[in-house]
Amino acid sequence: VTVVATQDVALVDLVDRLIHGGVVITGDITLAVADVDLVYVGLRALIASAGTVGR
Amino acid sequence: MIAVYAITEAPADGFETVVAGPLAAVVREVEEAPPAEPEAFLAHERIVEEVMAAQPVLPVRFGTTFADEGEVASLLREREAEWLARLEAVRGCVELAVRIEGSEREAARAELATYARDAAQNAFLVPAPDVEAFVARAAAWRSEDLDVSCTGPWPPYSFV
């Protein structure tokens with residue numbers, strides 16, 4: 001992945017695409033809405049800690 | 001259980017697939033559905049990017065699973081025409097994720113769209129050879145008043 005912005009932004013962009021984008025086909029999609037919220041909370045925590053380390 | 005990562009053109013040699021007619025689904029046999037965790041996200045993305053490096057690809061939403069290969073095969077047959085057309089639409093292109101914040105947002109988006117084959121919210125579908133030029137244009141819009149970020153190249157998640 002070529003990144004023009006920071007790696008944090010790339011990670012958010014990727015997760016956005018994985019859980020909101022892509023072909024939706026019937027079958028089971030495992031992520032419930034609550035899971036998605038959790039993912040963002042987890043991601044924010046990750047980004048916050050990475051930022052702290054960076055400084 | 002079968003996890004599905006991407007739809008692409010058959011035969012898709014070198015990948016684990018379910019093939020039906022001209023289409024192939026890139027799959028893995030898995031014990032359980034992938035958890036919503038960074039490692040699983042990256043594993044999904046890695047598989048899709050490997051396919052993208054070789055041929056046109058429609059990424060499938062994270063976490064998609066089926067009970068067996070037969071279900072996947074019948075879906076490939078059902079939606080063959082639609083997916084062949086989408087594969088044609090993204091052929092040779094990659095997705096760039098673009099976030100623009102500021103007063104000149106619309107002007108910037110409109111200009112960047114002229115370099116893209118298609119545009120969606122926060123995403124542009126760009127022919128692979130034009131990525132560098134596109135990124136340079138995006139960077140040129142950056143100013144104190146306009147925050148521009150551009151990441152990628154991604155598989156065309158926003159254009160399927």
Side-chain angles (χ1 to χ4, degrees), chain A, chain B residues 1-7 25 32-38 40-42 44-45 48-49 58-67 71-72 75-76 78-79 82-83 86 95-99 120 122-123 131-132 135-136 138-139 142 147-160:
Chain A
V1 175
T2 313
V3 182
V4 182
T6 66
Q7 204 167 357
D8 299 344
V9 175
L11 199 54
V12 173
D13 283 343
L14 171 60
V15 175
D16 255 347
R17 277 158 179 72
L18 288 172
I19 63 185
H20 295 131
V23 178
V24 177
I25 45 187
T26 49
D28 295 314
I29 293 182
T30 54
L31 286 178
V33 172
D35 290 333
V36 173
D37 289 342
L38 278 178
V39 168
Y40 278 104
V41 170
L43 203 61
R44 269 197 295 272
L46 193 70
I47 288 168
S49 61
T52 311
V53 172
R55 268 169 233 132
Chain B
M1 181 183 285
I2 307 289
V4 183
Y5 302 92
I7 309 292
E32 53 185 27
E37 291 170 6
F41 289 143
L42 293 176
H44 183 110
E45 176 66 7
V48 178
E49 288 196 14
L58 303 180
V60 169
R61 182 162 299 184
F62 177 83
T64 301
T65 58
F66 289 86
E71 286 186 13
V72 180
L75 257 167
L76 289 177
E78 256 171 54
R79 297 179 66 178
E82 175 194 346
W83 286 340
R86 287 316 305 168
E95 176 171 334
L96 293 174
V98 179
R99 297 162 186 268
N122 299 330
V131 165
E132 245 176 82
V135 169
R142 260 185 217 139
D147 196 13
V148 181
S149 83
C150 180
T151 69
W154 304 109
Y157 286 98
S158 308
F159 300 94
V160 296

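Proteins come first, then strands; the chains are lettered A, B, ... in the order of their sequence lines, and each starts at number 1. This is a predicted model, so every value here is computed, not measured.
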Taking side chain as C-beta onward, heavy atoms only, is I19(A) less than 4.5 Å from F41(B)? yes
In Å and rounded to the nearest 0.5 Å, what is the CZ to CG distance from F62(B) to L14(A)? 10.0 Å
Heavy-atom count check: over 12 atoms from other residues, nucleotides or ligands less than 6.0 Å from E82(B) CD? yes
W154(B) side, atom CH2; L18(A) side, atom CG - distance, nearest 0.5 Å: 8.5 Å
Give the minimum heavy-atom separation between D13(A) and A97(B), together with the two atoms involved. OD2-CB, 3.5 Å
In Å and rounded to the nearest 0.5 Å, what is the CD1 to CG distance from I25(A) to L76(B)? 7.5 Å
Where does L42(B) contact chain A at under 4.5 Å (heavy atoms): side chain, backbone, both or neither? side chain
State, with a plain yes or no, whether a side-chain heavy atom of R17(A) is found less than 4.5 Å away from one of V48(B). no
Going by the side-chain contact (heavy atoms from CB on, under 4.5 Å) test, name the single residue among L58(B), V4(B), T64(B) that passes it with V23(A). L58(B)
Heavy atoms of G22(A) and V160(B) approach each other most closely as C-CG2, 3.2 Å
Is A138(B) close to chain A through its backbone or its side chain, or both, or neither, when contacts mean heavy atoms under 4.5 Å? neither
Among R61(B), R99(B), M1(B), which has the most heavy-atom pairs under 4.5 Å with chain A? R61(B)
Measure distances from E95(B) to the heavy atoms of chain A and classify the residue's part below 4.5 Å as side chain, backbone, both or neither. side chain
